[in-house]
**Q** 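Pasting a structure here, questions to come.
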Amino acid sequence: MKRSHHRSGVLLLIALASSVASASGVYLDTFLSHYKIKDGSALAEKSCGICHVSDSDFKFNPFGKDVKKAMTDRNAEEVDAALLVSIENLDSDGDGTPNGKEIAAGTAPGDPSSGGAPGTKPAAAATEEAKKPAPFPPKNGFHPAIVHFPIALFIGGLVLDFLGMLRKDKTLLQAGWYCILMAAVTSLGGIASGVLAMGLQKLPYRGLIFTHLTMAVASSVIIWIMVAMRVHRHEKMNVPMRFLYYVLAAATFVLISWAGHLGGVFVYGE
Ligand code: HEC
Ligand SMILES: [Ca+2]
């Protein structure tokens, strides 16, 4: 891929975000293509959960831990076929069947309850984990439910605002103002619930999550600036002020969309 020089912070952020976002998808692709895993098979369905706890909890499972350890041991920058082969003889999940054999048999090498040598008891910890009732608050800290409020309110507010400006309609402008105000307020809830989810899942402040959080906080800050601009001037903004307002609005739109996209990548994979 051709790498052009970045022209602005936004472009740099976007580039950074997409490289982080694709790295995780690449590991999955490497695994699936190296072992020629068929679409729809149990392993393909496990997806990110082949190496992580699940496709929404990215702590490592025992197999993922061994993948990561092999990377460190070999000083490798990424997961490749040789690295996968190097851990085939390990029995990461301790169910009695080595990783290579499990993968060939279509069972998960990081999940002792997914199969393995007959008669071998799966590690107790893993089955207990499965029996636990759903925790409260849920591990996502209600984040997926809350984040849609600021996004929808902000976009709705912009549309109302814009229509109000075109039609010089006070009511529309006022509706837009309240939506944007509510977006600013609910964005704080979005950030708080996101940080709570990170705490509950013990996610590290780096990589995809860090980019996502940075973009979300930046969006929130800009929305608050927009609110402050309107509190002072309301509909009587002069032309340069109005221009700045809409530049900020556009920047927030990009940031919010990317933050949302990354959140999606994080939960569902590419
Ligand atoms: C073949 C094993 C494997 C698969 C499959 C896999 N990952 Fe990973 N993942 C890793 C490893 C190893 C790391 C650590 C990479 C590093 O340190 O460079 C990692 C790191 C991550 C991180 C960063 C966490 C951190 O500590 O910064 C996220 C997020 C992530 N993966 C998400 C995913 C998603 C989403 C998928 C599914 C699309 C996925 N992974 C599939 C092995 C895998
Ligand atoms: Ca095993």
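When a ligand or atom number is given, it counts from 1 through the structure's own listing order. What's counted below: heavy atoms across the whole structure, side chains too, no hydrogens, waters or symmetry copies.
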**Q** Which of the numbered atoms in ligand 1 are below 4.0 angstrom from a heavy atom of M71?
**A**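 Counting atoms of ligand 1 from 1, those under 4.0 Å from M71 are 12 (C), 18 (O).
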
**Q** Measuring from the Ca ion (ligand 2), name the closest N, O or S atom belonging to D91.
**A**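 This turns out to be OD1.
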
**Q** What atom name does the N, O or S atom of H52 nearest to atom 8 (Fe) of ligand 1 carry?
**A**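 Distance check against atom 8 (Fe) of ligand 1 picks out NE2 in H52.
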
**Q** Do D66 and S92 pair up side chain to side chain, a donor and an acceptor below 3.5 Å, judged on atom types alone?
**A**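 Present: a donor and an acceptor within the cut-off.
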
**Q** Looking at E102, which of its N, O or S atoms is the nearest one to the Ca ion (ligand 2)?
**A**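 Closest to the Ca ion (ligand 2) among those atoms: OE2.
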
**Q** Does any N or O in the side chain of T107 come within less than 3.5 Å of the main-chain N or O of I103, such that one atom is a donor and the other an acceptor?
**A**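 Not confirmed, T107 side chain does not pair with I103 backbone.
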
**Q** Measuring from the Ca ion (ligand 2), name the closest N, O or S atom belonging to D93.
**A**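 Atom name of the closest N, O or S in D93: OD1.
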
**Q** At less than 3.0 Å, would any N/O/S atom of T97, backbone or side chain, sit next to the Ca ion (ligand 2)?
**A**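 Checking T97: at least one N, O or S atom is under 3.0 Å.
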
**Q** Where on E78 is there a heavy atom closer than 4.0 Å to ligand 1, on the side chain, on the backbone, on both, or on neither?
**A**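 It is neither; nothing of E78 touches ligand 1.
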
**Q** What distance do T186 atom OG1 and F154 atom CZ have between them, rounded to the nearest 0.5 Å?
**A**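 If I round to the nearest 0.5 Å, the distance is 11.5 Å.
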
**Q** Taking the N/O/S atoms of D95 one by one, which is nearest to the Ca ion (ligand 2)?
**A**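 This residue's closest N, O or S atom turns out to be OD1.
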
**Q** Taking only heavy atoms of V67 into account, list the atoms of ligand 1 that are under 4.0 Å away from them.
**A**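 Under 4.0 Å from V67, ligand 1 has these atoms: 12 (C).
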
**Q** Working note: D73 + K68, criterion salt bridge (Lys or Arg N to Asp or Glu O under 4.0 Å); need CA distance, chi angles, decisive distance, verdict.
**A** CA-CA 9 Å; D73 291 350; K68 173 73 188 162; over 6 Å; no

**Q** Within a distance under 4.0 Å of any heavy atom of C51, pick out the atoms of ligand 1 and give their elements.
**A**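 Once the distances to C51 are compared, the set is 1 (C), 2 (C), 3 (C), 4 (C), 5 (C), 42 (C), 43 (C).
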
**Q** Okay, side chain of N61, backbone of V53: is any donor-acceptor separation there less than 3.5 Å?
**A**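 A pair under 3.5 Å: no.
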
**Q** Examine the proximity of ligand 1 to F63 and report which part, side chain or backbone, both or neither, has a heavy atom under 4.0 Å away.
**A**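 No part of F63 is near ligand 1 at this cut-off.
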
**Q** Within this structure, what is the NE2-CH2 distance for the pair H212 and W258, rounded to the nearest 0.5 Å?
**A**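 Result: 13.0 Å between the selected atoms.
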
**Q** Is K68 in polar range of ligand 1, meaning some N or O pair under 3.5 Å apart?
**A**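 In this structure, K68 places an N or O atom under 3.5 Å from an N or O of ligand 1.
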
**Q** Just by modelled atom types, is the L90 backbone N or O under 3.5 Å from a matching donor or acceptor in the N99 side chain?
**A**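 It does hold such a pair.
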
**Q** Could you list which atoms of ligand 1 come closer than 4.0 Å to a heavy atom of L28?
**A**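 It comes down to these atoms of ligand 1: 5 (C), 38 (C).
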
**Q** Short question: side chain of W224, backbone of A184 - any donor-acceptor pair under 3.5 Å?
**A**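 Yes; at least one donor-acceptor contact below 3.5 Å.
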
**Q** Taking a cutoff of less than 4.0 Å between a non-hydrogen atom of the residue and any ligand atom, is F60 in contact with ligand 1?
**A**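 Per 4.0 Å heavy-atom rule, F60 contacts ligand 1.
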
**Q** Counting heavy atoms only, which of F58, Y27, F31, Y35 comes nearest to atom 35 (C) of ligand 1?
**A**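 Checking each option, the heavy atom nearest atom 35 (C) of ligand 1 is found in F58.
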
**Q** What do you reckon, are the aromatic ring centroids of F31 and Y35 less than 6.0 Å apart?
**A**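 When the ring centroids of F31 and Y35 are compared, they turn out to be within the sub-6.0 Å range.
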
**Q** Do we see a donor-acceptor contact under 3.5 Å between the side chains of T97 and E102?
**A**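 No, E102 and T97 have no side-chain donor paired with an acceptor closer than 3.5 Å.
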
**Q** Tell me which one of G110, S47, C48 gets a heavy atom nearest to atom 37 (C) of ligand 1.
**A**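 The option holding the nearest heavy atom is C48.
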
